[in-house]
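Worksheet: the structure to be examined is printed underneath.
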Amino acid sequence: MRIAVTGGAGYIGSHTCVELLGADHEVLILDNFANSERDMVAEIAAIAGKPLDTAEVDLDDRAALGRTLEQFAPEAVVHFAGLKAVGEAMEKPLDYYRVNVTGSLNLLDEMTRIGCERLVFSSSATVYGMPEHVPIPETHPLAPTNPYGQTKLMVERIIEDLGRARPAFSGVSLRYFNPVGAHPSGRIGEAPRGVPNNLMPFVADVAAGVRPQLTVYGDDWDTPDGTGVRDYIHVMDLATAHLAAIDLTGEGPGVRAFNVGSGRGYSVMEMIRAFESGSGREVPYTVSGRRPGDVAITLADPSLAERRLNWRATRDLATMCEDVWRWRSGRGG
Ligand code: NAD
Ligand code: UFG
């Protein structure tokens, strides 16, 4: 199939493109490189051993977006492009609504215009807000607590409404839990700009000696060791979930949402220890107070994805840590 991938040069998009090429799809990346490097595209092609097309396009530029899509005539679109930092979203909500919501509207408008009826959208577990119970099934109330989460839920709802209005439309929203890991080649991975917000890239920086120590945000949570528990999912498992979702959009019209997680939780302390053994480096840390907005535990109930997408996470925590370390240690300081 011809598949257009918005944000395909980014962290999750790049790994998914490798898998799409590996499955013999023809891939076009649309990216404005606001949060990725242009040379990622060459890395993706080198890993896959196949070429792919790239268009430098901003989702804000509807004319350019339309021209690019018209020319490529995709049979399906995987939509990663967007802004994703919760803290930044609180400071600059309008940027988030513009890029994530208006950008998605532009994309859906242009897909509709060229008659492309199949979409896979990057949503997030953040649409659930404060978990009322764990594990979290897709039927859990949707109550985001920040503008970033609001944009994800809005786009999910726009996609649902489009599905109701267009009988041939088929859409899947994938609600990612905590993506970590890197391609086993060590050639692509997560490269946040500035100080990492998320645990795994921060731990990797500490192990690499770039940052002196990790701050553990609280050890008095209601969890077995007192530190926060999350459902970490290897980015290569996430990539294969997108392939399964594209297949599902080919089975007929309709709009569905799936959790993409492992169903298994790890605490911050378990992550530190696993990273130390995966890297052979020490990860010094201090414990501070809780980070505002954090919760004790998030955990996916992935059973719907297992049943309907015939997909499950297969890579364990040791693999996540080894793959991150291979990528991080190859990049130097
Ligand atoms: P990323 O920032 O690495 O990738 C996003 C890509 O989109 C980048 O290459 C960026 O340059 C591009 N982009 C941003 N704005 C654009 C625009 N206006 N026009 C065109 N391209 C644009 O992020 P990621 O971690 O790969 O996340 C991908 C998607 O998954 C995002 O929608 C994010 O919200 C969602 N998500 C990520 C996580 C996570 O923890 N990484 C968790 C849940 C959901
Ligand atoms: N943590 C630390 N120190 C750090 C960073 C994180 O102790 O320097 C802890 C957090 O307190 C939490 C755990 O590590 O207990 C994971 O934190 P992350 O920031 O890696 O991930 P979150 O679960 O907080 O956030 C992720 C995404 C968000 C999304 C949210 C809910 O990054 O975009 O999941 O789905 F909104």
Side-chain angles (χ1 to χ4, degrees), residues 5-16 29-38 40-41 55-61 64-65 78-87 89 95-96 98-100 102-104 106-107 121-131 136 144-146 148-149 151-152 155 173-180 189-193 195-203 205-206 211 213-219 221 223 227-233 235 238 260-261 265-269 271-272 285-288 290-298 300:
V5 183
T6 76
Y11 171 46
I12 304 168
S14 57
H15 293 80
T16 304
I29 289 179
L30 294 97
D31 205 301
N32 68 355
F33 301 102
N35 197 36
S36 52
E37 305 302 329
R38 286 171 185 76
M40 271 303 126
V41 180
E56 187 158 345
V57 175
D58 194 308
L59 294 185
D60 216 18
D61 185 348
L65 178 63
V78 186
H79 179 31
F80 292 103
L83 304 178
K84 62 166 183 177
V86 173
D95 286 358
Y96 275 66
R98 183 164 43 249
V99 174
N100 292 4
T102 309
S104 299
N106 287 344
L107 176 68
F121 169 62
S122 293
S123 188
S124 166
T126 194
V127 296
Y128 298 117
M130 292 287 189
I136 304 173
T145 57
N146 59 69
Y148 166 67
T151 67
K152 290 289 164 188
V155 175
S173 291
L174 296 179
R175 296 175 181 159
Y176 314 152
F177 277 69
N178 288 60
V180 296
E190 187 173 16
R193 292 177 176 168
V195 182
N197 294 311
N198 296 119
L199 180 65
M200 193 66 139
F202 203 107
V203 167
D205 273 5
V206 174
R211 300 182 197 285
Q213 61 183 16
L214 172 75
T215 303
V216 176
Y217 296 134
D219 62 359
W221 295 98
T223 61
T227 64
V229 170
R230 296 291 183 274
D231 185 331
Y232 296 94
I233 166 108
V235 67
L238 208 46
V260 185
Y266 293 100
S267 72
V268 176
M269 289 315 300
M271 296 298 285
I272 293 173
Y285 65 89
T286 53
V287 179
S288 77
R290 296 178 176 190
R291 182 172 64 175
D294 266 357
V295 296
I297 306 182
T298 61

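Atoms within a ligand are numbered from 1 in the order they appear, just like the ligands themselves. Quick caveat: nothing in here was measured; it's all calculated off a predicted structure.
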### Query
Which protein non-hydrogen atom lies closest to atom 11 (O) of ligand 2, naming both residue and atom, and how far is it?
Asp294 OD2, 2.5 Å
### Message
Tell me whether ligand 1 is touched by Asp58 - counting only heavy atoms on the residue side and a distance under 4.0 Å.
### Response
yes
### Closest approach of any protein heavy atom to atom 19 (O) of ligand 2, naming residue and atom
Arg291 NH2, 2.8 Å
### Summary
If we number the atoms of ligand 1 from 1 as shown, the ones under 4.0 Å from a heavy atom of Val57 are 19 (N), 20 (C)
### Query
Can you find an N/O atom of Glu190 closer than 3.5 Å to an N/O atom of ligand 1?
no
#### Entry: Nearest option to atom 2 (C) of ligand 2, as decided by whichever heavy atom of Tyr217, Tyr128, Phe202 sits closest
Tyr217
### Message
Tell me whether Asp31 has any N or O atom under 3.5 angstrom from an N or O of ligand 1.
### Response
yes
#### Entry: atom 23 (O) of ligand 2 - nearest protein heavy atom and its distance
Arg230 NE, 2.6 Å
### Task
Would you give the length of the straight line joining atom OG1 of Thr16 to atom CZ of Phe80, rounded to the nearest 0.5 angstrom?
3.5 Å
### Task
Could you tell me whether Thr298 and ligand 2 have an N or O pair separated by under 3.5 Å?
no
### Summary
If we number the atoms of ligand 1 from 1 as shown, the ones under 4.0 Å from a heavy atom of Leu59 are 17 (C), 18 (N), 19 (N), 20 (C)
### Query
Among the heavy atoms of Tyr232, does any lie under 4.0 Å from an atom of ligand 2?
yes
### Query
In ligand 2, which numbered atoms sit nearer than 4.0 Å to a non-hydrogen atom of Leu214?
3 (N), 4 (C), 8 (O)
#### Entry: Close approach of Ala125 to ligand 1, heavy atoms, under 4.0 angstrom
no
### Message
If the cut-off is 4.0 Å to any non-hydrogen atom of Val216, which atoms of ligand 2 fall inside it?
### Response
7 (O)
### Task
Could you find the nearest protein heavy atom to atom 28 (C) of ligand 2 and give me its residue, atom name and distance?
Val86 CG2, 4.1 Å
### ligand 2-proximal atoms of Val268, by part, heavy-atom distance under 4.0 Å
side chain
### Query
Hey, which atoms in ligand 2 end up nearer than 4.0 Å to a heavy atom of Ser124?
35 (O)
### Query
Would you say Arg175 touches ligand 1, if touching means a heavy atom closer than 4.0 Å?
no
### Message
Within ligand 2, which atoms have a heavy atom of Thr215 less than 4.0 Å away?
### Response
2 (C), 3 (N), 4 (C), 7 (O), 8 (O)
### Query
Tell me: protein heavy atom nearest atom 32 (O) of ligand 2, and distance?
Asn198 ND2, 2.7 Å
### Task
Consider ligand 2: state whether an atom of it lies below 4.0 angstrom from any non-hydrogen atom of Tyr148.
yes
### Message
Counting only heavy atoms, tell me which of Ala89, Pro192, Pro179 gets closest to atom 39 (C) of ligand 1.
### Response
Pro179
### Task
Please report which non-hydrogen protein atom sits nearest to atom 20 (O) of ligand 2, along with the residue it belongs to and the distance in Å to one decimal place.
Leu199 N, 2.8 Å
### Query
Considering only heavy atoms of Phe33, which atoms of ligand 1 have at least one such atom less than 4.0 Å away?
11 (O)
### Query
Which is it for Thr126 and ligand 2 at heavy atoms under 4.0 Å: side chain, backbone, both or neither?
both
### Query
Just going by heavy-atom distances, which of Leu174, Val99, Asn32 is nearest to atom 22 (C) of ligand 1?
Asn32
### Message
Can you tell me if Ala34 contacts ligand 1 (heavy atom of the residue under 4.0 Å from the ligand)?
### Response
yes
### Query
Tyr176 to ligand 1: N or O pair under 3.5 Å?
no
### Message
As an exercise, identify every atom of ligand 2 less than 4.0 angstrom from a heavy atom of Asn197.
### Response
5 (C), 19 (O)
### Query
Between the candidates Ala85, Gly82, Pro201, which shows the shortest non-hydrogen contact distance to atom 5 (C) of ligand 1?
Gly82
